[in-house]
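In what follows, every chain begins at residue 1, and chains take the letters A, B, ... in the order their sequences are listed. Model, not experiment: these values are computed from the prediction.
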Number of protein chains: 2
Amino acid sequence: MTPRAQTPNTARELEHPAAREIRLEEVLHALADPVRLRIVRALAASGEEMTCSLFDLPVSKSTTTHHFRVLRESGLVSQNYRGTAKMNALRRDDLERLFPGLLDSVLASAARQEERLSSAPPRPVRTSSASG
Amino acid sequence: MTPRAQTPNTARELEHPAAREIRLEEVLHALADPVRLRIVRALAASGEEMTCSLFDLPVSKSTTTHHFRVLRESGLVSQNYRGTAKMNALRRDDLERLFPGLLDSVLASAARQEERLSSAPPRPVRTSSASG
DNA sequence: GACGTACTACGACGCTTATCGTATAAGCCC
DNA sequence: GGGCTTATACGATAAGCGTCGTAGTACGTC
């Protein structure tokens, strides 16, 4: 077969769902995994493209690839090759148009939870009648 | 054992996670299932408690029970018995305190997607050279 | 006490998924 | 070209999950 005639350097193009094909359930499912949520948060924090290898994840290389694929197929991130590296970016515009405010509230919730869980003193119950 | 001494009508109490135990990942996972998202939307729309049997779901009774359990254990809904019926309610206050705006943006996104998918004309491609 | 209603528990089944290791392909640099 | 880096593909595995049916429990009513 060898159908890849010349295809200079843009040869490796990855399939992305069109904006209208993105489904809320899949986006939520993609975000529900701790590793993937971490990836999305890192991408949002950097605001720019990042290569896969920049992420410090507690899983193997293969698993990382798998998670990036899930993120891409759900429509959360876009990926394109740049030399040997693969650049990843959040599809903020598409997501904002489809689900206004969703990504931001998830990101804010994640940040809030991290703060709450890390700095949470073993505060017993605080019985100071001030009521909650 | 028979530890249920007298316990008049509040005998059957269900375990709910405390607010501080609610995890974003579990909430997102709970919302990622179409059936459960539908339940949550119905609860939000009604604004009040609803019995399990009020929901018109495309799954069996057992499966419905399963989904309600997932919702309760994730912290999304609270359940308490009232006679033979089990009343379900969204834990809006707890969720809003933990993840401000999250639930609303998910609900809005779901509504938006439903509208988009139902009223979507099979608009071909619109090749009007306007470039995309 | 007997019956009906509402929901649960349990076991089963099949599909999906998160994980890994190894082998492989594409591109860069010398 | 040779070797290094980066990421993929593939197969395997174990766990999780959505689904169901059946049997059972709790409650209200007669």
Side-chain angles (χ1 to χ4, degrees), chain A residues 1-16 23 25-26 28-39 49-74 77-89, chain B residues 1-16 23 25-26 28-39 49-74 77-89:
Chain A
M1 292 303 244
T2 65
R4 54 205 169 82
Q6 279 75 8
T7 53
N9 63 4
T10 10
R12 295 190 286 171
E13 295 233 335
L14 295 159
E15 280 194 24
H16 294 75
R23 291 289 175 276
E25 293 87 341
E26 286 189 42
L28 293 176
H29 172 249
L31 290 170
D33 183 275
V35 175
R36 290 193 293 260
L37 182 57
R38 193 160 154 177
I39 293 173
E49 292 182 322
M50 296 176 68
T51 65
C52 293
S53 53
L54 278 185
F55 297 86
D56 185 28
L57 300 174
V59 294
S60 77
K61 218 81 178 284
S62 328
T63 305
T64 300
T65 297
H66 160 70
H67 284 306
F68 271 104
R69 177 205 287 257
V70 173
L71 287 171
R72 186 186 75 237
E73 292 182 344
S74 76
V77 315
S78 64
Q79 305 184 292
N80 59 352
Y81 285 100
R82 186 161 186 163
T84 74
K86 189 160 73 171
M87 307 307 291
N88 302 275
Chain B
M1 290 304 240
T2 66
R4 55 207 168 81
Q6 279 76 9
T7 51
N9 61 6
T10 10
R12 293 191 287 171
E13 295 232 338
L14 294 158
E15 281 192 24
H16 293 75
R23 290 290 175 276
E25 294 87 343
E26 287 189 41
L28 293 176
H29 171 250
L31 290 170
D33 182 275
V35 175
R36 290 193 292 260
L37 182 57
R38 193 160 154 176
I39 293 173
E49 291 184 324
M50 296 177 67
T51 65
C52 293
S53 53
L54 277 186
F55 296 85
D56 185 29
L57 300 174
V59 294
S60 76
K61 218 84 178 281
S62 328
T63 305
T64 300
T65 298
H66 162 71
H67 284 308
F68 272 104
R69 178 207 286 259
V70 173
L71 287 171
R72 172 170 46 88
E73 293 182 343
S74 76
V77 314
S78 63
Q79 304 184 294
N80 58 352
Y81 285 101
R82 188 163 184 161
T84 73
K86 188 160 76 171
M87 308 306 292
N88 301 274

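Atoms CD (Glu49(A)) and C1' (dA7(D)) sit 16 Å apart, rounded to a whole Å. Leu71(A) has its CG atom 13 Å from the C1' atom of dA18(C), to the nearest Å. At whole-Å resolution of the value, CZ in Arg69(A) and P in dA18(C) are 13 Å apart. In this structure, the CD atom of Glu26(A) is 9 Å from the P atom of dT17(C), given to the nearest Å. In this entry the distance linking CZ of Arg72(B) with P of dC7(C) reads 13 Å, nearest Å. Separating the CG atom of Leu14(A) from the C1' atom of dA25(C) is a distance of 14 Å, rounded to the nearest angstrom.
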For a quick check, with a 4.0 angstrom heavy-atom cut-off, what is the B/S/- contact string for nucleotides 12-23 of chain D, read 5' to 3'? -----SSBBBB-
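Partners of Thr65(A) under the side chain to side chain donor-acceptor pair (under 3.5 Å) rule, at least two apart in sequence or in another chain, do not exist in this structure. Residues meeting the side chain to side chain donor-acceptor pair (under 3.5 Å) test with Thr84(B), sequence neighbours left out: none. Every residue two or more places apart in sequence or in another chain that forms a salt bridge (charged side-chain N to carboxylate O under 4.0 Å, His left out) with Glu49(B) is listed here: Arg82(B). Arg36(A) pairs by the side chain to side chain donor-acceptor pair (under 3.5 Å) definition with His67(A), not counting sequence neighbours. For the side chain to side chain donor-acceptor pair (under 3.5 Å) test, residues two or more places apart in sequence or in another chain that qualify with Thr63(B) are Ser60(B).
Between Asp33(A) atom CG and Ile39(A) atom CD1 the span is 8.0 Å, to the nearest 0.5 Å.
Residue Thr65(A) has no polar side-chain atom (N or O) positioned under 4.0 Å from OP1 or OP2 of dA9(D). Applying the 4.0 Å criterion to OP1 and OP2 of dG28(D), one finds that Arg82(B) has every side-chain N and O outside that range.
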